[in-house]
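Report on the structure given below.
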Amino acid sequence: MDASWTALIAAGAAVLASATTGWFTSQAARTQARLNGETQIRQLRHAQVEHRYQQRRDAFVRKAREALGPT
């Protein structure tokens, strides 16, 4: 009976260790995905700001050319 209980406890410990490892792996993957998503959002916002800034500069140049007249 002692050998059976030892084998059962060992099997339970192996299952627990496997489940714990799987949980930590899934948490790491979830964290990495969240960080990648945040990075992509930051890059998108940066591109949007750059585009708005370029539009403002273009509009300023257009208005300046209109004010100066044909050259």
Side-chain angles (χ1 to χ4, degrees):
M1 191 68 156
D2 288 335
S4 297
W5 281 109
T6 302
L8 182 64
I9 291 171
V15 168
L16 182 62
S18 176
T20 303
T21 301
W23 183 83
F24 279 117
T25 301
S26 69
Q27 291 300 314
R30 188 175 299 155
T31 300
Q32 188 64 38
R34 182 178 48 79
L35 292 174
N36 287 342
E38 289 173 359
T39 299
Q40 289 176 351
I41 288 170
R42 270 190 251 113
Q43 290 171 343
L44 175 63
R45 287 183 182 151
H46 177 73
Q48 289 171 335
V49 168
E50 286 284 323
H51 182 69
R52 277 189 227 124
Y53 179 71
Q54 186 62 42
Q55 284 180 326
R56 287 182 189 146
R57 285 185 5 186
D58 293 344
F60 177 78
V61 168
R62 244 187 338 270
K63 291 289 184 184
R65 285 183 181 157
E66 289 172 4
L68 293 175
T71 55

Pair up each side-chain donor or acceptor in residues 63-70 with any protein partner under 3.5 Å, not counting sequence neighbours, and list the distances.
none

message = Just verifying a value: how many Å separate T21 OG1 and L16 CG, rounded to the nearest 0.5 Å?
response = 9.0 Å
message = Could you measure the distance from the CG atom of N36 to the CD1 atom of I41? Nearest 0.5 Å is fine.
response = 11.0 Å
Pairs touching residues 35-60 that satisfy salt bridge (charged side-chain N to carboxylate O under 4.0 Å, His left out), sequence neighbours left out = R34-E38
request  = Keeping to residues at least two apart or across chains, list the salt bridge (charged side-chain N to carboxylate O under 4.0 Å, His left out) pairs with something in residues 7-32.
outcome  = none
query = Can you list the other members of the hydrophobic cluster that holds F24, where links are side-chain heavy atoms under 4.5 angstrom apart?
reply = W23
query = Looking at residues at least two apart in the chain, or sitting in another chain, which of them share a side-chain contact (heavy atoms from CB on, under 4.5 Å) with S18?
reply = none
inquiry  = Restricting to side chain to side chain donor-acceptor pair (under 3.5 Å), what partner residues turn up for H51, sequence neighbours left out?
reply    = Q55
